[in-house]
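Contents: one structure, followed by commentary.
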Amino acid sequence: MANNKIRVRYAPSPTGHLHIGNARTAIFNYLFARHYKGKFIIRIEDTDTKRNVADGEKSQLDNLKWLGLDWDEGPDVGGDFGPYRQSERRATYDPLIQKLLDEDKAYYSYKTEEELEAEREEQKARGVMPHYEYEFAGMTEDERKAAIADAEAKGLKPVIRFRVPKDHTYEWDDLVKGHVSFNSDSIGGDFVIVKRDGMPTYNFAVVADDHNMQISHVFRGDDHVANTPKQLMIYEAFGWQAPKFGHMSLIISADTGKKLSKRDETVLQFIEQYHELGYLPDALFNFIVLLGWSPVGEDEIFNQRQFIKMYDESRLSKSPATFDSKKLEWINNQYVKNSDEDTIVDLALRQLIKGGKLPENPDALTIEWARKLIDVYRPQMSYMAQINEMANVFFEDPELIKGDALEEIENETAPVVLKAFAEKIKELPIFDKVEILKTIKSIQKETKIKGRQLWMPIRIAVTHEMEGPELPESIELIGREKTLKHLQQTLDQISK
RNA sequence: UGCCCGUUGGUCAAACUGGUUUAAGACGUCGCCCUCUCAAGGCGGAGCUACGAGUUCGAGUCUCGUACGGGUAACCA
């Protein structure tokens, strides 16, 4: 049974790609809606025409879809409460603004940006919090009219400010943070609700839209806490009931300890980047949910359906969480190992092509070979793009062996093993993993060299790495010719 | 600086309204095992209630203070 009372929204501004923090906000709203069988709505907040970017909206929606979200109402699917772009909702704002004006709950303000700037500077110098100072303070009605006429005569275009009630407490029971309260005197003075270009500001538009769209719950980032009292004032001015608010902690950077900012380079910021690197959307979804929310039991790997079922907004964390990319990789690897083969092969194949390892349109034989290669790397791959690095030896002739790997094979037995191995595989009637394994075992029998002394030289000589997937299979995939070549090179190098 | 919020191990975090938990679990880290090698996998170890008071028979859980951290102070959202 659907719950018509529960309506939540994700309201991005189309200023760029989908940021990981916003994705998280979207996901938690989505989970909430689906858990309670309510509606999930997307609304585009594009009142800042200067900051909107061309494909911003499309990119936001595409990435949300990629993460596996779907919505009941939105700019692309419509709905009964449209339009779903704020820029198209001017007609719904104007009468509301007029009402506020008529009731003197809002007024035209002529202070210029320069004046405001100077005001703030001066206040800062005095050590007080920067705030807007009422420009008609102490004036009689006539004086006020004169001041306005004067400003108009100078050609100044006004903004509209909301008259903030004096010394009034605004409070709410936050779904995440508990009880929060603000004194109206501490929020910075009368704030702008309509900009000079006639567009409403965010703080006004959200309230009007959330009310008109009958939004019941608002889950958003912690950075909106300070906006909430302003919005509450507007609800109050209209006599509307405010939705329930839940302010989720922010994701902070491990590097700076501050909220993830676009400039932070230690963490990939945008969903798109993970998409491109070949992360699995379900894994990313899983990881993001675990950031600031915890399930009841001890497991941590869940699919979307399970999350929807388990979701409980009271388990949202109050304190900020650090983005741990190591854990993301681990989660992704879990998914890589458990996804069906075709999905992984398809994604990894695309990375190999993108990385220039395989031709644009590989033939069937190549695909078959690649399938085996990808399969071999599945246990250790965390995201698909890694295969280009990991499997490099399959495509290019490696450079000289160095470092630990070189030390490992600079001994008496390594050349013995390598020579024997080279000799034997030349003769092999069938060059496959079974035969290769037999070959290695026969060397063990004949030379009495075993374990690490036996396997490491071969691995290093052939792959130049000390770690990697199953050796016999890897050697089969590299092929006899290249294997022999690598063996010879290595022998040359260590015998010099 | 004002206002708001937070603080359990390196990281994410559990512990319902104060009372068996030796303070779960996961990532990471370390060690061991497995195996023909490394990885993967299995097993195990180390590691935390910021500090100081108070309330209470009893505090990670409540109160106050300190410290630290975050958010916010736009004609951005």
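In what follows, chains carry the letters A, B, and so on, assigned in the order in which the sequence lines appear, proteins first and then strands, with residues in each chain numbered from 1.
The separation of B:U49 from B:C34, taken at their P atoms, amounts to 37 Å, rounded to a whole angstrom. For the P atoms, the distance from B:C30 to B:G10 is 16 Å, rounded to whole Å. For the P atom pair drawn from B:G44 and B:C27, the interatomic distance equals 13 Å after rounding to whole Å. A distance of about 13 Å separates the C1' atoms of B:G9 and B:A24, rounded to the whole Å. B:G19 and B:G58 have their P atoms separated by 14 Å, with the value rounded to a whole Å.
Side-chain contact check for A:W293 versus A:F28: some heavy-atom pair is nearer than 4.5 Å. Contact check for A:D375 versus A:I344: no side-chain heavy atoms found under the 4.5 Å cut-off. When side chains are defined from C-beta on, A:I20 counts as touching A:Y274, because their heavy atoms get closer than 4.5 Å. The side-chain heavy atoms of A:Y202 and A:H224, taken from C-beta on, include a pair separated by under 4.5 Å.
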Reading RNA chain B 5' to 3', what string of ( ), [ ], | and . shows its pairs, if Watson-Crick and G-U wobble pairs count only when both distances fall under 3.5 Å? (((((((..(((......[.....))).(((((.......)))))....(((((..]....))))))))))))....
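Nucleotides of RNA chain B nearest to A:Y110 and A:Q380 differ in position, and the one nearer the 5' end is that of A:Q380. Between A:V194 and A:W330, the one whose closest nucleotide on RNA chain B sits nearer the 5' end is A:W330.
Classification of A:E122 and A:R126 as a salt-bridged pair holds, one side-chain N sitting under 4.0 Å from a carboxylate O.
A cation-pi arrangement is absent between A:R161 and A:Y108, since the terminal nitrogen or guanidinium carbon is not both under 6.0 Å from the aromatic centre and inside a 45° cone about the axis.
Following rounding to the nearest Å, A:H247 (NE2) and B:G6 (C1') show an atom-to-atom distance of 15 Å. What separates NZ of A:K433 from P of B:U35 is a distance of 20 Å, to the nearest Å. Rounded to an integer number of Å, the gap from A:L328 CG to B:G28 C1' is 14 Å. A:L232 has its CG atom 14 Å from the C1' atom of B:C4, to the nearest Å. In this structure, CG of A:D299 is placed 15 Å from C1' of B:C27, rounded to the nearest angstrom. Computed from coordinates, the A:Y335 OH to B:A26 P distance equals 17 Å when rounded to whole Å. The CE atom of A:M390 sits 12 Å away from the C1' atom of B:C38 (whole-angstrom rounding). Residue A:Q60 contributes atom CD, which lies 15 Å from atom P of B:A77 at whole-angstrom precision.
Looking at A:K337, its side chain has no donor and acceptor atom pair within 3.5 Å of the base of B:A40.
Under 4.0 angstrom from either OP1 or OP2 of B:C4 there lies no side-chain N or O belonging to A:S186. Look at A:K195 and you'll find a side-chain N or O under 4.0 angstrom from OP1 or OP2 of B:A77. Considering only side-chain N and O atoms, A:T322 lies nowhere under 4.0 angstrom from the phosphate OP1 or OP2 of B:U11. Between A:R378 and B:G41 there is no side-chain N or O to OP1 or OP2 distance below 4.0 Å.
Residue A:G292 is classed as a sugar-phosphate contact, given heavy-atom separations below 4.0 Å to backbone atoms only. If you check every strand for non-hydrogen atoms under 4.0 Å, A:E329 touches nothing. A:S109 comes within 4.0 angstrom of nothing in the nucleic acid, heavy atoms only. At the heavy-atom level, A:T228 lies nowhere under 4.0 Å from the strands shown. At the heavy-atom level, A:R452 lies under 4.0 Å from the strands shown only through sugar-phosphate atoms. Here A:I440 lies out of heavy-atom contact (under 4.0 Å) with every strand. Here A:E113 lies in heavy-atom contact (under 4.0 Å) with a base. Across all strands shown, A:R315 has heavy atoms under 4.0 Å from sugar-phosphate atoms exclusively, and none from any base. Counting non-hydrogen atoms under 4.0 angstrom, A:S181 reaches the backbone sugars and phosphates but no base. Within 4.0 Å of A:H179, counting heavy atoms only, lie sugar-phosphate atoms of the nucleic acid but no base atom.
The only option from A:E135, A:E133, A:E117, A:E119 that meets the side-chain hydrogen bond (donor to acceptor under 3.5 Å, both in side chains) definition with A:K111 turns out to be A:E119.
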Report the C-alpha distance between A:F182 and A:Y170 in whole Å, list the side-chain angles of each, state the deciding distance to 0.1 Å, and finish with yes or no for ring-ring contact (aromatic ring centres under 6.0 Å, His included). CA-CA 5 Å; A:F182 281 86; A:Y170 288 88; 9.5 Å; no
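Judged by distance alone, the side chain of A:S181 and the main-chain N or O of A:E171 form no donor-acceptor pair under 3.5 Å.
With B:C5, B:C27, B:U7 as the candidates, the nucleotide lying closest to the side chain of A:K177 is B:C5. The side chain of A:V180 approaches B:C4 more closely than any other nucleotide in the set B:C4, B:A26, B:G10. Side-chain proximity of A:S317 to the nucleotides B:A13, B:A77, B:C27 is greatest for B:A13. In the set B:A40, B:C38, B:A77, B:C38 carries the atom at the smallest distance from any side-chain atom of A:R459.
Between A:F307 and A:L31 the shortest heavy-atom distance is CB-CD1, 4.2 Å.
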Dump every N/O contact between nucleotides 66-73 of chain B and the protein below 3.5 Å, one line per pair.
{"residue": "B:G70", "atom": "OP1", "partner": "A:K258", "partner atom": "NZ", "Å": "3.0"}
{"residue": "B:G71", "atom": "OP1", "partner": "A:K259", "partner atom": "N", "Å": "3.2"}
{"residue": "B:U72", "atom": "OP1", "partner": "A:K259", "partner atom": "NZ", "Å": "2.8"}
{"residue": "B:A73", "atom": "O2'", "partner": "A:P130", "partner atom": "O", "Å": "3.4"}

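A perpendicular orientation is assigned to the rings of A:F270 and A:H17, their planes being inclined by more than 60° (bins at 30° and 60°). Ring-plane geometry between A:H486 and A:H464 is classed as tilted, the angle between the planes lying from 30 to 60 degrees on a 0 to 90 degree scale.
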